[in-house]
Trainee: 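Following this message is one structure expressed as structure tokens.
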Amino acid sequence: MADSAWAGWARARVASAWTLLNQPENRWTGLALLTGFVLRVALVPYARWNDDELGMYSVAMDIARGERQVVFGPAITDTDALLPGPAVHYFHAFALVLGRGHPYSIGVVVAALHVVGIAVLAQALRKAISVRAGIYLACLMSVAPWDVLFSDRPYNPNPCLAWTTLMLGCWVLGKSKGSGPLLALAVFLALILPQSHMSAIVALPALIALAWVGSREAAPATDVPKVKRRWIALGALAGLATYVPALLSELKTRFSNLRLITTHGLGGARDSFEWLRSLAMPIWFSSSEIGWNFLRGYWEPEVDPVLYLLNARSWAILWRFNGLWLVVIMATMLVSVLAHLSWVRQILRSRGRMLIRDRWTATYVLVLVACAALLATGRKIYFPHYNILVLPLAWVVVARELARFAESGKKRPRLVSVWIAAFGLASIPMLGRYYGIVDGMIGLKRQTQVVEFICERQKGRPFSIEFDYMNQTEVIRMLARRTDCRWNEVPPETASVKYFLYPSFHAAPPVAKGADQRMFKYPPLRLWVVAPKGSPALAE
């Protein structure tokens with residue numbers, strides 16, 4: 001009898017799922033989310049993996065093995081200050097347990113959680129704004145390049161984006177459905193956000209504005225029943241509990257880490273208007289344009305993330321990387337600009353009342369102002385991940401404005417659909433080129449191949465390895481420890497066999513007298529071997 005009851009329940013669930021999937025809007029949303037997940041997982045092996053990622057991976061591995069307990073998070077921007085709680089480290093450790101310690105597992109779990117967050121946020125928009133807006137958001141965010149770049153590796157802003165997206169969706173959906181567990185999860189995620197990135201500390205009060213979002217965009221907020229308030233209290237207690245170990249440590253050290261946080265990173269800005277870049281980045285976030293990354297701006301801060309488009313060299317490089325796709329890429333940026341201008345126009349026409357009536361708008365504006373204020377107060381040099389909290393909110397603006405445009409004319413839905421298809425077609429090949437040309441140089445896939453190559457050639461004999469770009473010595477050594485080879489690395493001055501890792505566009509290394517060299521291709525890297533003539537390292 002029990003078996004038949006379970007079988008009936010399972011059949012009912014399958015039938016319900018089939019009914020949902022059989023609806024055209026759900027089919028398109030599901031296809032978009034599946035595409036987004038597959039795309040992110042496929043790019044995880046080629047994602048940037050440098051000292052930051054190695055450090056977080058090492059801490060998470062120690063936690064997963066039960067060899068370490070931590071009370072603070074990762075270091076803050078090259079200072080001795082640490083994030084005020086360990087949630088990111090334990091999240092990484094959980095991912096490693098699921099993936100049995102494989103370095104890819106953190107990127108895969110972050111990607112999966114972010115896609116779940118997109119699905120929940122899209123459903124929230126369907127309830128709060130319109131069905132069309134929710135579909136557009138799912139389709140665009142699933143393949144949006146900046147979303148992919150922040151959901152591919154163990155870097156503390158990456159979980160921050162996944163948690164923020166899921167938090168926004170859970171709160172709005174929980175309010176509209178009256179779901180206590182969703183509201184509790186939203187509150188829990190909101191409280192642990194500062195443990196993932198410092199921008200959450202100033203932007204969190206702005207995110208609380210969503211507490212008043214009702215089931216309709218312009219509807220007055222509805223009261224939360226007492227039973228739901230208990231769930232909210234439970235989520236708050238769980239979130240606050242994650243700070244207890246850090247608080248106890250601070251009490252013992254007279255709040256030494258808090259003092260470091262409040263004084264860290266002051267100065268370093270190129271000019272007094274550095275904070276203005278944070279107001280421009282939402283346009284980049286909600287387009288397929290990631291040219292600043294193609295220019296390796298992350299590693300060359302002198303390349304301005306906003307003004308680079310005014311540079312002839314930038315256009316030449318973007319054309320070389322993207323060709324005619326550059327036309328579509330620029331069109332996506334134009335649509336993002338127009339969507340934001342339309343949104344601003346509505347705010348002005350309402351004489352500012354929209355800031356009070358529409359909590360999406362209030363939240364977005366307050367988060368933007370808070371992030372800009374953080375940069376202005378600390379005079380920080382600007383990096384895009386300082387704006388990580390505004391990324392999903394920028395997509396909300398674009399999705400809702402596209403929905404308004406589509407609903408205002410008979411043929412306009414088809415135009416929007418064509419544009420979304422073009423957006424996806426532009427984003428996917430550009431991401432492939434970006435990871436293949438830029439981040440792939442220090443991605444785990446290529447570096448693992450290099451380690452395997454050297455192990456096979458050297459067979460325990462001594463050698464040295466040098467880099468003509470970012471120093472990856474520690475990452476290479478970590479990968480070597482995961483293999484069965486004897487990694488006998490010695491200082492360059494004592495090694496007769498030397499390996500040089502160069503980007504494909506750099507010249508060959510100098511060759512010493514009495515030595516020979518050979519080049520092996522690992523796009524976008526070239527591996528030169530310099531060794532005495534007849535050395536096994538030069539053999540096929």
Side-chain angles (χ1 to χ4, degrees), residues 33 36-38 40-41 43-45 47-49 52-75 82-121 147-148 150-170 181-182 184-198 200 234-247 249 385 388 444 475 478-479 481-482:
L33 295 170
F37 177 70
V38 171
R40 285 164 171 78
V41 171
L43 293 175
V44 163
R48 188 186 320 154
W49 235 82
D52 287 339
E53 289 75 24
L54 176 60
M56 294 177 195
Y57 170 80
S58 300
V59 172
M61 277 300 296
D62 289 345
I63 294 172
R65 294 180 185 134
E67 298 173 358
R68 187 193 299 201
Q69 291 182 342
V70 294
V71 297
F72 294 109
L82 302 174
L83 289 171
V88 166
H89 286 318
Y90 283 95
F91 175 76
H92 288 165
F94 171 73
L96 287 175
V97 170
L98 290 180
R100 297 184 179 181
H102 198 288
Y104 292 169
S105 57
I106 297 176
V108 172
V109 171
V110 170
L113 184 64
H114 186 45
V115 171
V116 169
I118 293 171
V120 176
L121 184 59
D147 279 64
V148 175
F150 284 120
S151 56
D152 59 2
R153 59 199 164 99
Y155 185 48
N156 55 295
N158 291 19
C160 188
L161 176 59
W163 296 350
T164 300
T165 308
L166 185 58
M167 178 204 70
L168 293 171
C170 282
L182 285 177
L185 179 57
V187 172
F188 173 78
L189 291 171
L191 288 173
I192 66 170
L193 277 178
Q195 300 183 35
S196 182
H197 199 264
M198 281 297 295
L234 181 63
L237 286 173
L240 292 172
T242 63
Y243 288 91
V244 170
L247 178 60
S249 175
H385 60 262
I388 199 73
L444 288 177
V475 176
M478 180 273 290
L479 293 171
R481 287 194 295 271
R482 291 182 56 85

Trainee: So how far is it from I118 CD1 to S151 OG, rounded to the nearest 0.5 Å?
Mentor: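 If we round to the nearest 0.5 Å, I118:CD1 and S151:OG are 7.0 Å apart.
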Trainee: What are the two closest non-hydrogen atoms of L33 and V115, and how far apart are they?
Mentor: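 Looks like O-CG1, 3.7 Å.
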Trainee: Testing the basics here: between G99 and S105, what is the closest heavy-atom pair and its distance to 0.1 Å?
Mentor: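 That would be CA-CB, 3.6 Å.
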Trainee: Determine yes or no for a side-chain-to-main-chain donor-acceptor pair under 3.5 angstrom, with T165 supplying the side chain and L161 the backbone.
Mentor: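 Yes; at least one donor-acceptor contact below 3.5 Å.
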Trainee: Using 0.5 Å steps for rounding, measure from the OG atom of S58 to the CE atom of M478.
Mentor: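 If I round to the nearest 0.5 Å, the distance is 7.0 Å.
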Trainee: Got F72 and L83 here, is their nearest side-chain heavy-atom distance under 4.5 Å?
Mentor: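 No, side chains not in contact.
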Trainee: Any chance the side chains of D147 and H114 put a donor and an acceptor closer than 3.5 Å?
Mentor: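 Per modelled atom types, D147 and H114 side chains form a pair under 3.5 Å.
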Trainee: Would you check if the side chain of Q195 reaches a backbone N or O of P84 as a donor-acceptor pair within less than 3.5 Å?
Mentor: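 Checking the backbone N and O of P84 against the side chain of Q195, no donor-acceptor pair under 3.5 Å is found.
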Trainee: Honestly, is R153 close enough over Y155, meaning NZ or CZ under 6.0 Å from the six-membered ring centre and within 45° of the axis?
Mentor: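 That pair qualifies as a cation-pi contact.
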Trainee: Looking only at heavy atoms, what is the nearest atom pair of M56 and N156, with distance?
Mentor: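 For M56 versus N156, the nearest heavy atoms are CE-OD1, 3.1 Å.
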Trainee: Which pair of heavy atoms, one from M167 and one from A186, lies closest together, and at what distance?
Mentor: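 For M167 versus A186, the nearest heavy atoms are CG-O, 3.3 Å.
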Trainee: Please examine the side chains of F150 and V110, heavy atoms only from C-beta on, and report whether any two atoms are closer than 4.5 Å.
Mentor: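 A side-chain contact under 4.5 Å is absent here.
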Trainee: Just wondering, do F91 and I106 contact through their side chains at under 4.5 Å, heavy atoms?
Mentor: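 Not in contact.
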Trainee: State whether the side chain of Y243 and the backbone N or O of L191 hold a donor-acceptor pair below 3.5 Å, judged by distance alone.
Mentor: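 Yes.
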Trainee: So how far is it from L182 CG to C170 SG, rounded to the nearest 0.5 Å?
Mentor: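 Answer rounded to 0.5 Å: 5.0 Å.
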Trainee: Does the pair T164 and I388 meet the rule for a side chain to side chain contact (heavy atoms under 4.5 Å, CB included), with working shown?
Mentor: CA-CA 9 Å; T164 300; I388 199 73; 5.6 Å; no
Trainee: What closest approach, in Å, do V475 and L54 show between heavy atoms, and which atom pair accounts for it?
Mentor: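 Taking every non-hydrogen atom into account, N-CD2, 3.8 Å.
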Trainee: Atom CG of L168 and atom CH2 of W163: how far apart are they, to the nearest 0.5 Å?
Mentor: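 Reported value, rounded in 0.5 Å steps: 14.5 Å.
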Trainee: Taking the side chain as every heavy atom from C-beta outward, state whether T242 and F188 have any pair of such atoms under 4.5 Å apart.
Mentor: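 Touching, per the 4.5 Å side-chain cut-off.
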Trainee: For a 4.5 angstrom cut-off between non-hydrogen side-chain atoms, does P103 reach W49?
Mentor: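 Yes, their side chains come closer than 4.5 Å.
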Trainee: A side-chain contact here means heavy atoms from C-beta on lying under 4.5 Å apart; do L96 and M61 qualify?
Mentor: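 Sidechains of M61 and L96: in contact.
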Trainee: Is there a side-chain contact between L444 and P45 in this structure, where contact means two heavy atoms from C-beta onward sitting under 4.5 Å apart?
Mentor: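 Not in contact.
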Trainee: What is the distance from atom NE2 of H92 to atom CD of E53, rounded to the nearest 0.5 Å?
Mentor: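 Taking NE2 in H92 and CD in E53, the distance rounds to 9.0 Å.
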Trainee: Just so I know, are the side chains of L193 and L189 near enough to count as touching, which here means a heavy-atom distance under 4.5 Å?
Mentor: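 Of all side-chain heavy-atom pairs linking L189 with L193, none is under 4.5 Å.
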Trainee: Between I63 and Q69, does the side chain to side chain contact (heavy atoms under 4.5 Å, CB included) criterion hold? Intermediate values first, please.
Mentor: CA-CA 6 Å; I63 294 172; Q69 291 182 342; over 6 Å; no
Trainee: What are the two closest heavy atoms between H89 and P74, and how far apart are they?
Mentor: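 That would be NE2-N, 3.5 Å.
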Trainee: Counting only heavy atoms not in Y104, do more than 12 sit closer than 6.0 Å to its OH atom?
Mentor: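 Correct, the count exceeds 12.
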